[in-house]
Amino acid sequence: MFSGCELFEDSEALQQKKQELELAKLATQTSLANIEKEKALALAQLQNEMKVKELDLNSEKELELIKQKIALQESNNNLNFQMYLFIFLALVVIVITFFIYYYLKRKREDELLAYNDNIKKYFYNKENEARMKIASQILETISDGHLSKENEQKLINAFTQETSNLPVESLTQSQDDNVIDAIAEESSSEHKTRNENE
């Protein structure tokens, strides 16, 4: 059976084994704690790396957004510049067109005034020629002596009154022809009456 020594020896061995087990348990716990620590450290490090990467991604996204905003702003600036340039060019074209129109209008008015002056001169010359014809015909009729003194005076008075009462531009070729025809008819009728009297 058991002796007391053996029991004591067994209890010492048992205690030693217990201590070894506790030491092993403690070593296991410390190694587990170390593993947990390492795991927590690794997890924290991974989280930090993820945060850094996330910050990098966010900063890259923000950088990309900033680049896009800058590109959009430059595009808007270019569009604004082109719009202002177009408006400026349109105004320049309008101003140039106005001055060309004004120049051509003034030129046309000057040409019309010159044309009108030329027409007035032409008709004035024609009128003077007609007056000269009338005057020469009156002189011929008077010099022929076919008219009486009274008719000669009437003819001269009619001619001077008609030309003095009318403005220079109002005497036309048809009026001149009418006066010439009237003088010719009168002289021919008086010429016939004289021939009949003789």
Side-chain angles (χ1 to χ4, degrees), residues 1-130 166-175:
M1 313 243 189
F2 294 110
S3 66
C5 272
E6 284 181 18
L7 188 62
F8 186 73
E9 271 184 34
D10 283 336
S11 82
E12 269 184 40
L14 192 60
Q15 278 185 355
Q16 204 176 12
K17 280 191 180 187
K18 275 185 183 178
Q19 281 178 349
E20 284 177 12
L21 273 173
E22 280 188 33
L23 281 175
K25 200 180 195 182
L26 194 62
T28 316
Q29 283 178 349
T30 52
S31 70
L32 277 175
N34 284 340
I35 290 173
E36 284 295 321
K37 256 190 203 179
E38 286 176 13
K39 188 178 171 184
L41 282 174
L43 186 62
Q45 192 175 10
L46 279 173
Q47 284 177 343
N48 284 340
E49 285 178 10
M50 283 177 61
K51 283 183 182 177
V52 167
K53 285 184 180 179
E54 200 173 291
L55 287 175
D56 286 344
L57 281 175
N58 285 342
S59 64
E60 284 179 17
K61 285 180 182 177
E62 287 178 11
L63 186 64
E64 187 66 31
L65 281 174
I66 290 171
K67 285 180 182 178
Q68 287 177 355
K69 284 181 183 178
I70 290 172
L72 186 64
Q73 186 68 29
E74 287 176 355
S75 154
N76 285 341
N77 288 343
N78 284 339
L79 285 176
N80 286 340
F81 175 74
Q82 288 175 351
M83 183 181 68
Y84 290 131
L85 182 66
F86 177 74
I87 289 171
F88 174 74
L89 290 176
L91 287 174
V92 167
V93 167
I94 288 171
V95 168
I96 289 172
T97 304
F98 173 76
F99 280 117
I100 289 173
Y101 169 76
Y102 181 74
Y103 170 75
L104 291 176
K105 182 181 174 190
R106 291 288 294 175
K107 185 179 176 184
R108 176 79 174 141
E109 287 173 356
D110 291 344
E111 287 174 355
L112 287 175
L113 285 174
Y115 180 73
N116 194 15
D117 288 342
N118 287 339
I119 287 178
K120 283 181 182 179
K121 287 177 187 176
Y122 172 77
F123 282 117
Y124 181 75
N125 288 337
K126 286 291 185 180
E127 189 176 310
N128 282 339
E129 287 176 16
L166 295 174
V168 175
E169 290 85 12
S170 68
L171 192 59
T172 62
Q173 185 67 33
S174 62
Q175 290 174 330

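Remark: side-chain polar atoms of Ser75 are not paired, donor with acceptor, to backbone N or O of Ala71 under 3.5 angstrom.
Asn76 CG to Met83 CE: the interatomic distance, rounded to the nearest 0.5 Å, is 10.5 Å. A distance of 9.0 Å separates NZ of Lys67 from CD of Glu60, quoted to the nearest 0.5 Å. The line from OG of Ser59 to CD of Glu54 is 11.0 Å long, rounded to the nearest 0.5 Å. Atoms CZ and CG, from Phe86 and Leu91 in turn, are 10.0 Å apart once rounded to the nearest 0.5 Å. Note that CD of Gln29 and NZ of Lys25 are 6.5 Å apart. Values are rounded to the nearest 0.5 Å. Rounded to the nearest 0.5 angstrom, Leu79 CG and Glu74 CD are separated by 12.0 Å.
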Sequence neighbours excluded and cut-off under 3.5 Å, please list the side-chain donor-acceptor pairs for residues 101-114, or say none.
none

Taking distance alone, no hydrogens or angles, what donor-acceptor pairs closer than 3.5 Å link side-chain atoms of residues 34-52 to residues at least two apart or in another chain?
| unit_1 | atom_1 | unit_2 | atom_2 | d |
| --- | --- | --- | --- | --- |
| Asn34 | ND2 | Thr30 | O | 3.4 |
| Asn48 | ND2 | Ala44 | O | 3.4 |

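Side-chain contact check for Gln68 versus Leu72: every heavy-atom pair is 4.5 Å or farther apart.
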